[in-house]
Amino acid sequence: MRKLAAGNWKMNGTGSSLAEVEALVAALPAPSCDVLICPPATLLSRMATVADGSAIAIGAQDCHANASGANTGDISAEMIAEAGGTHVIVGHSERRTDHAETDAQIRAKAEAAWRAGLIAVICVGETLAEREAGRTLQIVGEQLQGSVPEGATAANTVVAYEPVWAIGTGKVPTLDEIGEVHGDIRARLGDRFGAEAQGMRLLYGGSVKPSNAKEIFAVSNVDGALVGGASLKAVDFGGIIAAL
Ligand code: PEP
């Protein structure tokens, strides 16, 4: 399947940062993988304009489950689509931790994404304490079961495995550890969604850089990456895309 390099800019980037996307568009007329950038909501529309007609898709980092209403500070999946987004990340560990988001809420957000015609990038991953307690597969399995709605297909859903302890820390699981979790995710999705699960893209996320991307992408059942810090600069993200 065609791999996906997805960038999560988190709460970084202002108008001047659009120059990074312009540089990426110029450098990648025909990338060998799909490319997605998820800027803060303030940049969605402008970035979609910059990327229009290029191989780069634009997405958001979160959405509310409702289409509209009295939800101060939130944005809906419909608003993201209207702004030019095609994807939305849901259940990132920073949302699970900082905003106490539950699997049920994340599941509702993924359904909202589909309702608006967006692809949901659903994140799962264990904490360091959970890994050290030997509970990684159990935790990731529970998050998958709770966060991925019925009706998930290869076309509407991407799953990102992001060990919480690897995000922004420079620490990365061993290739065997990544392979073990990705294999388990594929099997669990297969139990629920049958053959469809074979086509669902499973991204690894957590301290991916140009220097380690190639070996991570060679791991079985790794279909791309969700990249935080290294997606902010065209030269770094371009290096990761080249490794795909
Ligand atoms: C992320 O937050 O999704 C992420 C993977 O961050 P980083 O690449 O900076 O570890």
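This chain uses plain numbering: 1 for the first residue, then up along the sequence. Order of appearance sets the numbers: ligands from 1, and atoms from 1 within every ligand.
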If you measure every N or O of [X] against every N or O of ligand 1, does any of those distances drop under 3.5 Å?
X      : result
Val208 : no
Ser207 : yes
Gly168 : yes

Of the non-hydrogen atoms in Arg201 and Leu4, which two are nearest, and what is the gap between them?
->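 The answer is NH1-CB, 3.8 Å.
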Would you say the side chain of Glu94 lies within less than 4.5 Å of the side chain of Lys10, judging by non-hydrogen atoms?
->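 Contact flag for Lys10/Glu94 side chains = yes.
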From CG (Leu244) to CG (Asp34), nearest 0.5 Å |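 Leu244 CG to Asp34 CG: 10.0 Å, rounded to 0.5 Å.
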Looking at OG1 of Thr136 and CD of Glu126, how far apart are the two atoms once the value is rounded to the nearest 0.5 Å?
->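 Reported to 0.5 Å precision, the distance equals 4.0 Å.
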Quick one: do Asp103 and Arg107 make a salt bridge, cutoff under 4.0 Å?
->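 Arg107 and Asp103: not salt-bridged.
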Are Asp191 and Arg186 within salt-bridge range, i.e. N to O under 4.0 Å?
->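 Salt bridge absent between Asp191 and Arg186.
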Pair Asp52, Thr49: side-chain N/O donor-acceptor within cut-off below 3.5 Å |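 There is no such pair (donor and acceptor under 3.5 Å, judged by atom type) between the side chains of Asp52 and Thr49.
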Polar side chain donor-acceptor pair, Ser147 to Arg96, under 3.5 angstrom |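 There is such a pair (donor and acceptor under 3.5 Å, judged by atom type) between the side chains of Ser147 and Arg96.
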Examine ligand 1 and decide if any of its atoms is less than 4.0 Å from a heavy atom belonging to [X].
X      : value
Gly206 : yes
Ala166 : yes
Lys10  : yes

Nearest protein heavy atom to atom 1 (C) of ligand 1, by residue and atom, and its distance?
->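 Its nearest protein heavy-atom neighbour is His92 NE2, 3.2 Å.
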Taking atom 3 (O) of ligand 1 as the reference point, the nearest protein heavy atom with its distance =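 Checked against all protein heavy atoms, atom 3 (O) of ligand 1 sits closest to Glu162 OE2, 2.7 Å.
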Pull out every atom of ligand 1 sitting under 4.0 Å from any heavy atom of Gly229, numbered as shown with elements.
->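 Numbered from 1, ligand 1 contributes 7 (P), 8 (O), 9 (O).
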With heavy atoms of Asn8 as the reference, note each atom of ligand 1 found under 4.0 Å away.
->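 Under 4.0 Å from Asn8, ligand 1 has these atoms: 2 (O), 3 (O).
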Shortest heavy-atom approach to atom 6 (O) of ligand 1 - which of Gly228, Ala160, Ala6, Cys123 |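 Minimum heavy-atom distance to atom 6 (O) of ligand 1 goes to Gly228.
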